[in-house]
Structure formats: C-alpha cells, structure tokens
Amino acid sequence: MLFLLVILFSLGLQAQQTEGKQINIIYGANFTKDEAQFPGASIFSKDDQRQVQFEHQGADLWCDIAIFYAQENKLKAIGNIRLQQGDSIELNSGKIDYDGNTKLAKAWENVDLTNGQMTLTTDTLYFDREKQESYYRSGGKVVDSANVLTSTIGTYFMTPKKYQFQNEVHIDNPEYTVDSEQLDYYTTSKNAYMYGPSTITGEEYKIYCERGFYDTKIERGYGIKNTRIDYNNKIIEGDSLYFDKISAFASATNNIKITDTINDGVIRAHYAEVFKDKDSVFATKRAVSISLVQQDSLYIHGDTLMVTGKPESRILRAFRNAKFYKTDLSGKCDSIHFNEKTGITELVTDPIMWNVENQITGDSIHLISDLETEKLDSLKVLENAFIISLDTISREGYNQAKGKDLFGKFIENELKIIDLVKNTEVIYYMYNDDQELIGIDKTICSKIRLLMANNDIEDITFFVNPDGDIFPEKDLPIESRKLKGFIWRGDERILNKDDIFDEDDNTITLVKIRGIENPIDIDAEEKERSKNENDPVNNIPPSKATQPKETKVSKVQSP
C-alpha cells in the first residue's frame, strides 16, 4: 500500500512539472494533421481574423503556421513570427523551432530582436529563455540610439542588458569608429569594454589597446595593455592610458613614451599628462626628454618635465635635479629652460656643464642654437664664470680661466672660441712640441680669449694690460696653482645617458595597474560605475592601486 502511494505521488509530481512546462495553445484557428510529413504533430494555421497564438511561461508567440508536438512539448513556427516576452523583449523572424522543456528557441530568416532600447538583426539567432541569453554565430548587427555595432559572433545577456561581441567587432558612430576582436557593450550606459587588439578612431585621435574601456556617449576611456594614442601630433604609449575628448586631456602610467611627430622629440617617464588645447605635456617619475641635435641625441632629465606651446614655439622645462647629456656636452643644475622659438637653453641655479674635458660653472649658463641650422651656435656664462680642465699631459695640474662672464662660440658643434671678460685670470700649463713642460702661465687681465682645438686649449690671447708670468714648475707652489673659487667636480661628470638618473630614479617602484594580471568582474564594475558620481572615467574614483605615488591626481582607471 505504501509503495502504491509513492508511485501515485511520483506520477502526480511529474504531471505537475510537465504541466508547468507545457506550451499552451491560445488560438489555433485552422487545425489539421499530416502524419506522413509531421508524425505526431498538430498543425495550426491562421485564419482571416488572426494569427495562431501560443503561450509558454510568460512568453507569447504569434505565427502564420505552427507545427506543434504536444508529447515532446516542441513547436515549429513559420511565417511572420512574433515572440513577445514581458513588456520589453520582442523577437521577429520567418521561422522558429522552440523547445518548451529547455526553453530554447532557434530563429532564422530575417531575425530581429528588440528590447525598447536597441534592435538586433541577424540570419540565425538562438534564444535561451532559461538563461535569458540570445546569441548568433554567423554575423549580426545591433542598432541603438548612439551606435551601430556589428560582429561575427554575439551574445546578448538580458539581465545586465549586455552584449558580448567577438570576431571582427565594429562600432559605427558619426563621431568615431571602434574595431575590436572582443568587446562587451552595455546597452543602457553605452559603455564598451575591449579585449584583444582594439582601435578607436575619432576625428582628432586614434587609440589602440588590447584591453580597455570606452564610454561611447562622451568619448572617454582608457587602455591597460599595449596602449597607444595618436593625439594632436603626439603619439602616446604606456602600460595604462586615459583619454577624455571633452576636456581634451590624456594621461599615462608606467613605461611611457610620448613622441612629438613634428619636432622629432621623445619624452619617456612613468607618469604623464597631455593637454591638447594647450599643446602641452607634464611628465614625472624618471622623466627624460630625448631630441636629435646634429645626429646626436640630447637627453634632458628632471624630477618633473613640462613641454608647452605650439610646435614652432615649444618651451621645455626640467624642474628639480635637472641634468642633460649628449656625446660631447653634459651638465646639471636645479632647472633647465629651453625655448624653441629663441633657441636658448638656460641652466638655472647652481649650473655646471662639461664640454668634453672642460668643466664650466657660473651663476647662470645659456646655450644658444642657430634657428636655421638647429646647430649649437654660442654659449653664455653669466657671473662668476669659471672653466677648468685637467692637464692632459701631466694628468695632475689643472688649466683654469675665470672672469665675470664667459662667451663661447661653437663651430660645427664644437666649442672653438672662449672669451672671458672683466677681472679675468688664467693658470695654464705650457708645453713644447716634445710635450715637455715649459712652465705654468699665471696671468690676470681685463679680457682673455681661448682658442680651442680637439677640445683642448690651443692658444691664449690676453687683452688690456695683462699682468703675469710663466713660472717654472719648481717656482710655483702647489697651493698657488689654483685660482680662487677653484672646485674640481670631475666625479660628478655625466659620462653617458644613464648618468642623468639618480639612485631614486633607478629604484622607482612602478604602480600596479589593476586588471592586467587577474580577471575582474566587469558586470560588478559596470554596476559600480553607474552608481557612483565621482568617476573620471565614468564616475568611479581610480583605486589607490592605480595612482602613481607622489602624484596628486591620476586619471587612469582599469577594467
């Protein structure tokens, strides 16, 4: 008896489950059967009044002809099909196969799916009502109020209202286009998340990345893998890049390279900001500017670099602990100021410069370039000018010259003529043709001219009442062989491009860019983004993990 009750209860439960899943006929109109062609099926067709209608668990389907397998709970619909789910989802097609047990529909022939905000069209669409997903595998197009999106493969997730596009993804907008290998697109916010090689092309910019985010409504976004922005005659590359069309602003974090395509200059750093309207760049964290001077690279470094102005009027500033290097010229000071329009480079506050073996110091040092040839033309050292070089023969004494000001002339990029004026003094080691020391010249006068050859003193001319003598080496005490104010700083000399960086520059810790190593829940990210109102990318404050240390503002956000 107990066994019979169990059997009856089980059969009753199965009947309830089957009944709950059963496709229901709302309007059958004309009814027929064709056992030869459709064994076990009931065939319904529309009449003059209305189409055939079915209902299944919150969805209604209308069609011209329906082949219904009640036992299998399956339906084949043909002709002018409309599938309505709730108030928002509507699917239209020429044919549909629908399984009531799995709630899976296959629609083909002129398929379109709408949700009130967008329309999807494709040749064949699969609609999984259980998972609330629809997908195509043979090409489709989505049109909403902002964009037209096409791809080979696409999946629509109805709960977050998100599309996942794959293979030849393309977004067409009057202001820009997007091409990607994989892209997630939220139909409500119009936000796009890109994976794989992706390119965004606007009227005045082009962005490439292999992982990133883009707000298609306001043209704002970022990339965090192999990212590049072509932006107002500049190419910006870095581990993480942020871009905002409205504010005409871009920023970059880690391993940055900014190329000036007009002036052939390059800036490298680990944090940078680019302001399009001002045509300016701010860079810090191992920042260095690299430019070509007479087939030689000039490197300029500072804790902070700023480049401002239009191409023909560029101004470069290097602040705090500034240094520069090229093969035959190097130096350091507190700050460097270079004006493209005047061709003047100013070394400001405690400057020191090395022209090959010559150490040059003064209160202020100016390097002047020829604007036509772009070659170094002249040198000015203002107040307390002092030039020192180690005697190349004895390798013990020092040739020295000092005065109030120094004026130098470059010929073919070599310092050839040096004039020292006002209260000038010289100490110079003199040799004969056999390189035997003749004596040490120690003279004071009003003006001195040094003629240089092979970066060494070849000839000295004294002007206006020179007073001095050539002393035999034994007659000039060692303590008298240095002019007042003499300081030899050879150990500080910058000998190669790596010397412009201090230990702090070389041991800098790069910030961790969120989203590169580990996958992130993009649905959760999008939900947070839509709720927050303080986001530079879409109202989400950048996480502390993405902000460079010692930088007040980082507008880089990572997916």
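Here the structure is a predicted model, which is why all the values come from computation and not from measurement.
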Open item on the list: Donor-acceptor pair, distance only, cut-off 3.5 Å: does the side chain of Arg314 make one with the backbone of Gly309?
Closed with: yes
Open item on the list: If I take atom CE from residue Met194 and atom CD from residue Gln182, how far apart are they, to the nearest 0.5 angstrom?
Closed with: 12.0 Å
Open item on the list: I need the minimum non-hydrogen distance between Ala385 and Leu420, along with the two atoms involved.
Closed with: CB-CD2, 4.1 Å
- [ ] Please examine the side chains of Leu510 and Asn255, heavy atoms only from C-beta on, and report whether any two atoms are closer than 4.5 Å.
- [x] yes
Open item on the list: Quick one, Asp279 with Asn233, criterion side-chain contact (heavy atoms from CB on, under 4.5 Å). Give me CA distance, side-chain angles, the key distance, then yes/no.
Closed with: CA-CA 9 Å; Asp279 208 344; Asn233 62 64; 4.2 Å; yes
Open item on the list: Going by salt bridge (Lys or Arg N to Asp or Glu O under 4.0 Å), name the residues that satisfy it together with Asp419, two or more places apart in sequence or in a different chain.
Closed with: Arg449
Task: Flag if over 12 foreign heavy atoms under 6.0 Å of CG, Asp87 - done: no
- [ ] Apply side chain to side chain donor-acceptor pair (under 3.5 Å) to Thr227 and list each qualifying residue two or more places apart in sequence or on a separate chain.
- [x] none
TODO: Check whether any side-chain heavy atom of Ile207 sits under 4.5 Å from a side-chain heavy atom of Leu241, and report yes or no.
DONE: no
Open item on the list: Can you give me the closest heavy-atom contact between Ile290 and Ser297, atom names plus distance?
Closed with: CG2-CB, 4.2 Å
Task: Separation between CD1 of Ile352 and NZ of Lys332, rounded to the nearest 0.5 Å - done: 7.0 Å
Open item on the list: Tell me if the aromatic rings of Tyr186 and Tyr193 count as close, with their centers under 6.0 Å from one another.
Closed with: yes
Open item on the list: Looking at Glu168, is its backbone amide N or carbonyl O close enough to the side chain of Thr152 to form a donor-acceptor pair, meaning the two atoms are under 3.5 Å apart?
Closed with: no
- [ ] Report, as yes or no, whether the 6.0 Å neighbourhood of atom NZ on Lys141 holds more than 12 heavy atoms from other residues, nucleotides or ligands.
- [x] no
Task: Side-chain (Asn173) to main-chain (Glu175) donor-acceptor, under 3.5 angstrom - done: yes
Open item on the list: Could you check whether any side-chain heavy atom of Ile336 comes within less than 4.5 Å of a side-chain heavy atom of Leu316, counting everything from C-beta outward?
Closed with: no
Open item on the list: For the residue pair Lys162 and Phe157, would you count it as a cation-pi contact if the rule is NZ or CZ under 6.0 angstrom from the ring centre and within 45 degrees of the ring axis?
Closed with: yes
Open item on the list: Between Tyr176 and Tyr214 (judged by ring centroids, cut-off 6.0 Å), do the two rings come close enough to count as a pair?
Closed with: yes
Task: Closest non-hydrogen atom pair between Ala287 and His301, with its separation - done: O-ND1, 2.6 Å
Open item on the list: Contact between His366 and Leu382 at the side-chain level, heavy atoms closer than 4.5 Å - yes or no?
Closed with: yes
Open item on the list: Checking Ser138 against Asp123: is there a side-chain donor and acceptor pair closer than 3.5 Å?
Closed with: no
- [ ] Any chance you could measure Leu347, atom CG, to Phe338, atom CZ, to the nearest 0.5 Å?
- [x] 12.0 Å
Task: Distance (rounded to the nearest 0.5 Å) between Ser134 OG and Leu104 CG - done: 11.0 Å
- [ ] Check whether any side-chain heavy atom of His170 lies under 4.5 Å from a side-chain heavy atom of Thr177, and answer yes or no.
- [x] yes
Task: Glu203 atom CD, over 12 foreign heavy atoms within 6.0 Å - done: no
Open item on the list: Less than 4.5 Å apart, side chain to side chain, heavy atoms only: is that true for Gln359 and Arg489?
Closed with: yes
Open item on the list: A quick test of your reading: do over 12 heavy atoms of other residues, nucleotides or ligands sit less than 6.0 Å from NZ of Lys131?
Closed with: no
- [ ] State, with a plain yes or no, whether a side-chain heavy atom of Ser151 is found less than 4.5 Å away from one of Tyr136.
- [x] yes
Open item on the list: Please identify which of these residues, Leu298, Ile267, Val266, Asp260, meets the side chain to side chain contact (heavy atoms under 4.5 Å, CB included) condition with Ser291.
Closed with: Leu298
Task: Among Tyr231, Phe243, Phe249, the one residue meeting ring-ring contact (aromatic ring centres under 6.0 Å, His included) with Tyr205 - done: Phe243
- [ ] Please say which of Asp499, Asp502, Asp303, Asp505 ends up in a salt bridge (Lys or Arg N to Asp or Glu O under 4.0 Å) with Lys323.
- [x] Asp502
Task: Pairing of Lys326 and Asp328 as salt bridge, 4.0 angstrom limit - done: yes
TODO: Tell me yes or no: between the side chains of Ser189 and Glu526, is some donor less than 3.5 Å from an acceptor?
DONE: yes
- [ ] Could you check Gln166 against Glu181 for side-chain contact (heavy atoms from CB on, under 4.5 Å), going step by step and ending with a plain yes or no?
- [x] CA-CA 6 Å; Gln166 293 176 279; Glu181 282 301 302; over 6 Å; no
Open item on the list: Within this structure, what is the OG1-CE distance for the pair Thr284 and Met306, rounded to the nearest 0.5 Å?
Closed with: 11.5 Å
Task: Any side-chain heavy-atom pair of Asp377 and Phe410 under 4.5 Å - done: no
Task: Side-chain H-bond candidate by donor/acceptor type, Thr304 with Arg320, under 3.5 Å - done: yes
Open item on the list: Strictly distance-based, threshold 3.5 Å: is any side-chain N or O of Asp405 a donor or acceptor partner for the main-chain N or O of Lys380?
Closed with: no
Open item on the list: Could you walk me through whether Tyr163 and Leu120 satisfy the side-chain contact (heavy atoms from CB on, under 4.5 Å) test, starting with their C-alpha distance in whole Å, then the side-chain angles of each, then the deciding distance to 0.1 Å, before giving a yes or no?
Closed with: CA-CA 10 Å; Tyr163 274 97; Leu120 161 66; 3.3 Å; yes
Task: Arg286 versus Asn506, side-chain donor and acceptor atoms under 3.5 Å - done: yes
Open item on the list: Tell me every residue that passes side chain to side chain donor-acceptor pair (under 3.5 Å) with Gln85, counting only those two or more places apart in sequence or in another chain.
Closed with: Arg129, Gln132
Open item on the list: Are there over 12 heavy-atom neighbours, none belonging to Gln117, within less than 6.0 Å of that residue's CD?
Closed with: yes
- [ ] Identify the heavy atoms of Asn399 and Asp391 that sit nearest to each other, and give their distance.
- [x] ND2-CA, 4.1 Å
TODO: Indicate yes or no: does Arg493 engage Glu357 in a salt bridge with an N to O separation below 4.0 Å.
DONE: yes
Open item on the list: Which heavy atom of Thr361 sits nearest to which heavy atom of Val381, and what is that distance?
Closed with: O-CG1, 3.3 Å
Open item on the list: Centroid separation under 6.0 Å, is that true for the rings of Tyr126 and Tyr135?
Closed with: yes
TODO: Evaluate the criterion side-chain contact (heavy atoms from CB on, under 4.5 Å) for residue pair Leu406 and Leu379; output intermediate values, then yes/no.
DONE: CA-CA 8 Å; Leu406 180 153; Leu379 165 70; 3.8 Å; yes
TODO: Would you kindly say whether Ser180 and Ser198 are connected by a side-chain donor-acceptor distance under 3.5 Å?
DONE: yes
Task: Greater than 12 external heavy atoms within 6.0 Å of Asp350's CG - done: no
TODO: Might you confirm whether atom CD1 of Ile487 has over 12 heavy atoms from other residues, nucleotides or ligands at distances under 6.0 Å?
DONE: no
Task: Heavy-atom closest pair, residues Phe324 and Ile300 - done: CB-CG1, 3.9 Å
Open item on the list: If we check side chain to side chain contact (heavy atoms under 4.5 Å, CB included) with Ser330, which of these qualifies: Ile500, Asn496, Leu495, Ile494?
Closed with: Ile494
Task: CD-OG1 distance between Glu210 and Thr199, expressed to the nearest 0.5 angstrom - done: 9.5 Å
